[in-house]
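Atoms within a ligand are numbered from 1 in the order they appear, just like the ligands themselves. We count residues from 1, following the sequence as given.
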Amino acid sequence: MLPGIFIQALTVLLPLRTAAYTLNDDTFDPRTATTKDIHHTLFTNQTTCRGIISSFLARIEAFNPVINAIISLNPDSLSVADHLDAVLSSSSNITSLTTSFPLFCVPVLLKDNFDFVPLPTTAGSRALALNFPSEDAPSVQALSSAGAVILGKTNMHDMALEGLTVSSFAGQTRNPYDLSRTPGGSSGGSGAAVAAGFAVLAMGTDTMNSVRSPASAGGLVGVRPSRGAVSRRGVVPVSWRQDAVGIMGRSVEDVGVGLRTLMGVGVDPQDNATWEVPGKVWERDSGREIEREGKRGVRGRRFGLLTEGYFNFTTSAETDPVNGAMRNMVSKLTAAGAAVINISDPLLNPISLKSLDVQIFEYPPMLTSYLSLTASHNPPGSVPPSFRALYTQARPNRAFLVLPAQSSFLHAALKSSPSSEEYHSRLQGISRLREHLLSVFKAHDLDALIYPEQQNLVVPIGSPNQYGRNGLLAALTGFPVVCVPVGFSPPTDLAPAEPL
Ligand SMILES: *[C@@H]1O[C@H](CO)[C@@H](O)[C@H](O)[C@H]1NC(C)=O
Ligand SMILES: *[C@@H]1O[C@H](CO)[C@@H](O)[C@H](O)[C@H]1NC(C)=O
Ligand SMILES: *[C@@H]1O[C@H](CO)[C@@H](O)[C@H](O)[C@H]1NC(C)=O
Ligand SMILES: *[C@@H]1O[C@H](CO)[C@@H](O)[C@H](O)[C@H]1NC(C)=O
Ligand SMILES: *[C@@H]1O[C@H](CO)[C@@H](O)[C@H](O)[C@H]1NC(C)=O
């Protein structure tokens, strides 16, 4: 088994009551539907794929005005559904249909930094409003080929540089569990959308925390795969070393099917991180292996609980629910026969890890390489062709949003160079960290490390940043991470326990 890192998600309760779009069978509800539910409903002739997709579009229409998670809708989603209905009606063998199309008629949303031909890729920035891609990102192609229906694109933190999910293009996205709070980020539109039942799966990207933070804030499962396991081509980049494509959903099984589909892209000549993945990873039937591992349960497993720097024990309404949920989770694991070993390791402390972050060195050249390519496919003047052009042209039009923390990041990025000694010494530090992390797994014979994704509840709207997040260890080392829900905070007036 690959070393894994599981993270807790913590969230507040569901305030949305919905008139769910009702089908013949009242067990189908887009708020809770899984891939299996969709397939059951379709294959028992209770509705068509058009009916399924319409039910999700109806929820978007009803509730997106409150949540503000969606940036754009795919004009072709219903015709794709009609096509799938035709495929279904001419197919006599459902098993072979779902083997060829594991995501048959599953509605998926894309963070707006993925290239998808019918829609512009804005990355949340008004400066990129006319950035029309010439081809789909390979990850998006893989989803479509597996039968997924791309519903549209979601809001994200402007250029993915913070975790609040506020953008110059679309403004602030709200957390469907508590409308006064952010949905985490930067893939917060994707997280809020799945939490609100706008789609079954949604794509995100993660440079520090950006898939796991919205999963944590929305009670979702979110996965950041091993470095190189999913091609990042056709996605607006931040960091070559740290970027990963990930996926969120409400169930582990759905996210597993999604991840397997994305890994189907395999080695990509144009994303050299995929070259680093050992060949046997592509050959292995990871689906079967995961199923076998899952059936084994947690008995006899050894988990390392990261302590130093991963918790905030100052008692408060923001931190107590996280600490309580983590204690509860540890006692459940122990009761189920797992061993939980405290790991207090200064080398893994998230505060000291900040000194290894390489985003400022990689963002300017990576963004320029993405923009220069896309600018060459678009009419002259419609897309800024470089990092510098984006931020200098955009400023007078206020076409991008820079919070104070991002402004200092951008100034530092402008002055940084990937040929500097500091960059190389950080890359060496990352290699040493990777070796050290492997030695920690070995020394304690661990199956996985566990820690809270965030030390406090997701921050209220209007906060200066999404503080207290713990994601950097996986982002730097490239180890795989799964964020799973472990509890809820107590209900409040803004986040009631019972739906209204
Ligand atoms: C669904 O409809 C198709 C085509 O009319 C038919 O072949 C199939 O047996 C039906 N399935 C069920 C479970 O009713
Ligand atoms: C349906 O397809 C599966 C997988 O391709 C195959 O194993 C099975 O024999 C097929 N069933 C029928 C009735 O043709
Ligand atoms: C991989 O790609 C990055 C970004 O394009 C580049 O900086 C780096 O030199 C490449 N590495 C190799 C080994 O080709
Ligand atoms: C492990 O760490 C947690 C969190 O700091 C603490 O509550 C617990 O008492 C520790 N357990 C042991 C056995 O030291
Ligand atoms: C720890 O939590 C307290 C109470 O919410 C907060 O004031 C403080 O800023 C937090 N510390 C850190 C390092 O996040």
Side-chain angles (χ1 to χ4, degrees), residues 10 23-25 39-49 51 84-98 104-105 163 181 207 209 213 227-228 231-244 267-277 307-324 326 349-354 358-359 361-373 387 405 416-420 423-424 426-427 430-431 451-460 463-472 478 489:
L10 192 109
L23 303 167
N24 298 345
D25 179 346
H39 289 175
H40 173 77
T41 309
L42 275 177
F43 302 153
T44 52
N45 292 345
Q46 294 180 65
T47 186
T48 56
C49 184
L84 294 173
D85 280 325
V87 170
L88 178 57
S89 71
S90 67
S91 147
S92 55
N93 185 333
I94 296 299
T95 313
S96 81
L97 182 74
T98 51
F104 193 86
C105 195
R181 291 191 188 253
T207 306
N209 290 284
S213 160
R227 176 175 165 74
S231 167
R232 307 166 299 179
R233 178 155 51 100
V235 180
V236 182
V238 177
S239 160
W240 176 76
R241 181 73 235 174
Q242 293 169 219
D243 285 349
V267 179
D268 182 345
Q270 291 174 66
D271 177 2
N272 63 19
T274 65
W275 308 355
E276 296 170 13
V277 175
T307 52
E308 183 173 327
Y310 284 83
F311 288 84
N312 181 343
F313 285 117
T314 309
T315 188
S316 78
E318 300 299 305
T319 51
D320 294 346
V322 178
N323 296 328
M326 287 300 287
N349 187 320
I351 296 179
S352 64
L353 295 180
K354 283 193 182 135
V358 292
Q359 291 175 85
F361 303 99
E362 295 181 339
Y363 184 49
M366 290 295 289
L367 187 62
T368 294
S369 98
Y370 172 89
L371 289 176
S372 59
L373 186 65
F387 166 81
S416 303
S417 155
S419 57
S420 73
Y423 176 54
H424 290 278
R426 290 190 192 194
L427 288 179
I430 290 172
S431 299
Y451 52 89
E453 159 57 24
Q454 190 161 6
Q455 303 177 13
N456 40 273
L457 297 181
V458 72
V459 301
S463 304
N465 57 38
Q466 193 66 261
Y467 73 100
R469 295 184 297 169
N470 288 333
L472 201 47
S489 57

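- The shortest N or O to N or O distance between Asn312 and ligand 5 is below 3.5 Å.
- Of the protein's heavy atoms, Asn45 ND2, 4.6 Å lies nearest to atom 5 (O) of ligand 1.
- A side-chain donor-acceptor contact under 3.5 Å links Asn470 and Gln455.
- Nearest heavy-atom pair across Pro418 and Tyr423 is O-CD2, 3.0 Å.
- Distance screen at 4.0 Å: atom 11 (N) of ligand 3 has a protein heavy-atom neighbour inside the cut-off.
- Distance screen at 4.0 Å: atom 2 (O) of ligand 3 has a protein heavy-atom neighbour inside the cut-off.
- There is no side-chain donor-acceptor pair under 3.5 Å between Thr314 and Ser316.
- Near Phe43, meaning under 4.0 Å from one of its heavy atoms, ligand 1 places the atoms 13 (C).
- Across every non-hydrogen atom of Leu88 and Ile94, the tightest pair is CD1-CD1, 3.9 Å.
- The closest protein non-hydrogen atom to atom 4 (C) of ligand 3 is Trp240 CD1, 3.6 Å.
- Every atom of ligand 5 with a heavy atom of Ser316 under 4.0 Å away is listed here by number and element: 4 (C), 5 (O).
- Atom 9 (O) of ligand 5 has as its closest protein heavy atom Tyr467 CE1, 4.5 Å.
- In this structure, the side chain of Asp85 engages the main chain of Cys49 through a donor-acceptor pair within 3.5 Å.
- Inside a 4.0 Å radius of atom 14 (O) of ligand 3 there is at least one protein heavy atom.
- Ion pairing of Arg233 with Asp268 is present here, as a side-chain N (NZ or NE/NH1/NH2) and a carboxylate O approach within less than 4.0 Å.
- Between Trp240 and Arg232, the shortest heavy-atom distance links the atoms O-NH1, 2.7 Å.
- The protein does not reach atom 7 (O) of ligand 1 closely, with no heavy atom under 4.0 angstrom from it.
- Within the 4.0 Å heavy-atom cutoff, Thr319 counts among the residues contacting ligand 5.
- Which parts of ligand 3 touch Asn272 is read off a 4.0 Å heavy-atom cut-off, strictly below it: atoms 1 (C), 2 (O), 3 (C), 8 (C), 10 (C), 11 (N), 12 (C), 14 (O).
- Side-chain atoms of Thr319 and Asn312 form no donor-acceptor pair, as typed in the model, at a separation below 3.5 Å.
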